[in-house]
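The block underneath contains the structure these notes are about, expressed in structure tokens.
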Amino acid sequence: MSELWPVVAIMGPTASGKSGLALELAGLFKGEIISADSAQVYAPLEIGVAKPSPLELAQVVHHGVGQLGLEENFSLAAFITEAQRLIPALWRRGQLPLVVGGTGLYVRGLLEGYLLEEAPPDEGLRASLNSQPLELLLSRVASLDPATYRRLDRRNKRRVTRSLELILQRGAPLVDSPRRPPPYAVLKLALRWEREALYKRIDERLEAMLERGWLQEVEGLVRAGWAERLQELRILGYPQLIEVVLGRRTLEEARQEIKFATHRYAKRQETWLRREPGVHWLEASDAPLERAQSLVAQWLESLPAELQERRGAGPV
RNA sequence: GCCGGGGUAGCUCAGCUGGUAGAGCAUGCGACUGAAAAUUGCAGUGUCCCCAGUUCGACUCUGGGCCUCGGCA
């Protein structure tokens with residue numbers, strides 16, 4: 001029996017319309033959505049993370065949206081573990097698994113079959129490491145785990161800290177994760193926009209989020225005592241709006257900063273995506289839904305018969 | 001109208017006791033197998049407001065003009 005499971009991945013920069021496309025495809029092909037998004041997992045974050053609406057959540061089953069409290073930590077390993085469990089389960093129930101999200105590392109980690117040990121972060125340890133100078137962290141990594149030291153980006157304190165945290169936690173050197181052959185038959189779709197048009201969409205979406213009460217949402221979070229935690233998580237826009245709530249910055253300043261930060265984010269996502277192999281690009285200006293629909297239909301037909309049979313209820 | 005500040009990169013500004021200029025942000029390109037909406041590297045860009053003068057040489061000094069901000073009228 002084959003170990004291969006089918007999955008559709010929908011990628012693209014922020015504000016490119018991934019969620020909408022995924023909803024449509026889920027409706028057309030009887031699918032469920034597995035969210036590959038490191039910010040939408042948090043239940044208390046709503047407007048600013050562009051979470052699907054309650055109606056949309058009711059129409060299509062979403063996994064990985066709003067299932068953590070702010071006191072919890074999400075991670076690549078946790079995402080992969082959960083998605084690996086879900087994909088076969090969905091297919092057996094006759095549902096098409098749609099992995100949707102802008103966190104490129106998560107999608108790649110899943111599809112390339114990274115094998116990572118779960119290592120829940122230790123807040124106390126993390127805090128103490130964060131307060132130490134980079135040089136010290138580096139020398140500790142160098143003595144505990146020379147191999148990791150060599151491959152690490154040594155200018156990047158965040159990475160150095162996280163590696164040391166993992167080394168200390170497991171009490172042994174990290175292995176560059178072994179990889180098993182990708183266990184999925186994947187159709188990768190990605191949405192592409194002209195840069196200028198995408199930035200415009202981002203800006204308009206920000207205005208819409210503010211109109212819907214994003215600032216009030218942040219006020220509530222600050223009142224509930226989450227300011228520090230949110231500064232730490234650095235989820236786009238939240239730190240800037242917290243500054244507004246605390247009166248250290250005007251809304252106008254924050255609005256501009258958030259726009260720029262989101263542009264940069266979108267650009268980084270595109271840089272990442274360009275190196276992703278086997279992507280079918282959908283031009284946003286060229287009927288992306290229709291193209292996606294026909295690509296998915298063709299791809300489903302091309303799957304081995306044994307896989308199709310395994311799909312409980314069969315294609316719609 | 002008078003007094004004062006200012007006109008330098010797309011934006012905000014620094015700078016040169018005279019030798020044609022720079023930072024942050026923006027923008028572009030990149031890295032990234034463990035917090036990734038994070039973190040991080042690299043790059044380009046200029047009639048230095050205009051005209052004249054002094055000078056071997058002016059973005060820098062002098063004179064005039066234009067524009068702008070603030071105060072007083």
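Just so it is clear: chains get the letters A, B, ... in the order the sequence lines come, proteins before strands, and each one is counted from 1. Just so it is clear, the model here is predicted, and its values are computed rather than measured. No hydrogens, no waters, no symmetry mates; every other heavy atom, side chains included, goes into these values.
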Distance check: side-chain N/O of Arg154(A) vs OP1/OP2 of U40(B), anything under 4.0 Å?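 False: Arg154(A) side-chain N/O out of range (4.0 Å or more) of U40(B) OP1/OP2.
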
Is there a side-chain polar atom (N or O) of Arg268(A) under 4.0 Å from OP1 or OP2 of A38(B)? yes

When all nucleic acid strands are considered with a 4.0 Å heavy-atom cut-off, which category describes [X]: base, sugar-phosphate, or nothing?
{"X": "Gln40(A)", "result": "base"}
{"X": "Thr14(A)", "result": "nothing"}
{"X": "Leu76(A)", "result": "sugar-phosphate"}
{"X": "Ala77(A)", "result": "nothing"}

Taking atom [atom2] of [N] as reference, at what distance in whole Å does atom [atom1] of [X] sit?
{"X": "Leu152(A)", "N": "G41(B)", "atom1": "CG", "atom2": "P", "answer": "14 Å"}
{"X": "Arg158(A)", "N": "C32(B)", "atom1": "CZ", "atom2": "C1'", "answer": "13 Å"}
{"X": "Arg275(A)", "N": "G30(B)", "atom1": "CZ", "atom2": "P", "answer": "10 Å"}
{"X": "Asp145(A)", "N": "G34(B)", "atom1": "CG", "atom2": "P", "answer": "13 Å"}
{"X": "Arg151(A)", "N": "U33(B)", "atom1": "CZ", "atom2": "P", "answer": "9 Å"}
{"X": "Leu116(A)", "N": "G34(B)", "atom1": "CG", "atom2": "C1'", "answer": "6 Å"}
{"X": "Glu112(A)", "N": "U33(B)", "atom1": "CD", "atom2": "P", "answer": "10 Å"}

Going by heavy atoms closer than 4.0 Å, what residues in residues 210-238 of chain A are next to RNA chain B? Arg234(A), Ile235(A), Leu236(A)

Could you list by number each residue of residues 130-143 of chain A showing a heavy-atom separation from RNA chain B of less than 4.0 Å, or answer none if no residue does?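 By residue number: Asn130(A).
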
Using Watson-Crick or G-U wobble geometry with both distances below 3.5 Å, tell me the partner of [N], or none.
{"N": "U27(B)", "answer": "A43(B)"}
{"N": "C61(B)", "answer": "G53(B)"}
{"N": "A14(B)", "answer": "none"}
{"N": "A21(B)", "answer": "none"}
{"N": "C2(B)", "answer": "G71(B)"}

Could you walk me through whether Arg255(A) and Glu207(A) satisfy the salt bridge (Lys or Arg N to Asp or Glu O under 4.0 Å) test, starting with their C-alpha distance in whole Å, then the side-chain angles of each, then the deciding distance to 0.1 Å, before giving a yes or no? CA-CA 8 Å; Arg255(A) 168 184 281 149; Glu207(A) 297 304 334; 3.3 Å; yes

Between [M] and [N], how far apart are the [atom1] atoms? Round to whole Å, please.
{"N": "C25(B)", "M": "C2(B)", "atom1": "C1'", "answer": "39 Å"}
{"N": "G1(B)", "M": "C61(B)", "atom1": "P", "answer": "26 Å"}
{"N": "G64(B)", "M": "G28(B)", "atom1": "P", "answer": "46 Å"}
{"N": "C11(B)", "M": "C48(B)", "atom1": "P", "answer": "15 Å"}
{"N": "C51(B)", "M": "A26(B)", "atom1": "P", "answer": "34 Å"}
{"N": "U54(B)", "M": "U62(B)", "atom1": "C1'", "answer": "7 Å"}
{"N": "U55(B)", "M": "C13(B)", "atom1": "P", "answer": "36 Å"}
{"N": "A43(B)", "M": "U47(B)", "atom1": "P", "answer": "22 Å"}

Closest-nucleotide ordering on RNA chain B, the 5'-leading residue of Ser163(A) and Asp153(A):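 Counting from the 5' end, the first nearest nucleotide belongs to Ser163(A).
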
Heavy-atom nearest nucleotide on RNA chain B for Arg155(A) versus Arg108(A): which residue maps closer to 5'? Arg108(A)

Could you list all N or O pairs between the protein and nucleotides 25-29 of chain B that sit under 3.5 Å apart?
{"unit_1": "A26(B)", "atom_1": "OP1", "unit_2": "Arg264(A)", "atom_2": "NE", "d": "3.0"}
{"unit_1": "A26(B)", "atom_1": "OP1", "unit_2": "Arg264(A)", "atom_2": "NH2", "d": "2.9"}
{"unit_1": "U27(B)", "atom_1": "OP1", "unit_2": "His263(A)", "atom_2": "ND1", "d": "3.0"}
{"unit_1": "G28(B)", "atom_1": "OP1", "unit_2": "Arg195(A)", "atom_2": "NH1", "d": "3.0"}
{"unit_1": "G28(B)", "atom_1": "OP2", "unit_2": "Tyr199(A)", "atom_2": "OH", "d": "3.1"}
{"unit_1": "G28(B)", "atom_1": "OP2", "unit_2": "Lys267(A)", "atom_2": "NZ", "d": "2.9"}
{"unit_1": "G28(B)", "atom_1": "N7", "unit_2": "Lys267(A)", "atom_2": "NZ", "d": "3.2"}
{"unit_1": "C29(B)", "atom_1": "OP2", "unit_2": "Arg195(A)", "atom_2": "NH1", "d": "3.0"}
{"unit_1": "C29(B)", "atom_1": "OP2", "unit_2": "Arg195(A)", "atom_2": "NH2", "d": "3.3"}

Ignoring hydrogens and angles, answer whether the base of A38(B) and the side-chain atoms of Arg159(A) contain a donor-acceptor pair closer than 3.5 Å.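 Donor-acceptor pair under 3.5 Å: yes.
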
With heavy-atom distances below 4.5 Å as the criterion, would you say the side chains of Arg248(A) and Glu253(A) are in contact?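 In short, these two side chains do not touch, never coming nearer than 4.5 Å.
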
Can I get a per-line list of side-chain donor-acceptor pairs under 3.5 Å for residues 59-78 of chain A, giving both atom names and the distance, sequence neighbours left out?
{"unit_1": "His62(A)", "atom_1": "ND1", "unit_2": "Val60(A)", "atom_2": "O", "d": "2.9"}
{"unit_1": "His63(A)", "atom_1": "NE2", "unit_2": "Glu32(A)", "atom_2": "OE1", "d": "2.7"}
{"unit_1": "Gln67(A)", "atom_1": "OE1", "unit_2": "Gly64(A)", "atom_2": "N", "d": "3.3"}
{"unit_1": "Glu72(A)", "atom_1": "OE2", "unit_2": "Gly69(A)", "atom_2": "N", "d": "2.8"}
{"unit_1": "Asn73(A)", "atom_1": "OD1", "unit_2": "Arg229(A)", "atom_2": "NH2", "d": "3.0"}
{"unit_1": "Asn73(A)", "atom_1": "ND2", "unit_2": "Glu123(A)", "atom_2": "OE2", "d": "2.7"}
{"unit_1": "Ser75(A)", "atom_1": "OG", "unit_2": "Ala78(A)", "atom_2": "N", "d": "3.1"}

Mind listing the N/O atom pairs, protein and nucleotides 9-13 of chain B, below 3.5 Å?
none

Would you call the rings of His263(A) and Tyr199(A) parallel, tilted or perpendicular if under 30° counts as parallel and over 60° as perpendicular? parallel

Counting only heavy atoms not in Glu194(A) (residues, nucleotides, ligands), do more than 12 fall under 6.0 Å from its CD? no

Glu196(A): which residues meet the side-chain hydrogen bond (donor to acceptor under 3.5 Å, both in side chains) condition with it, sequence neighbours left out? none

Same apolar cluster (I L V M F W Y, side chains within < 4.5 Å links), Leu21(A)/Ile202(A): no

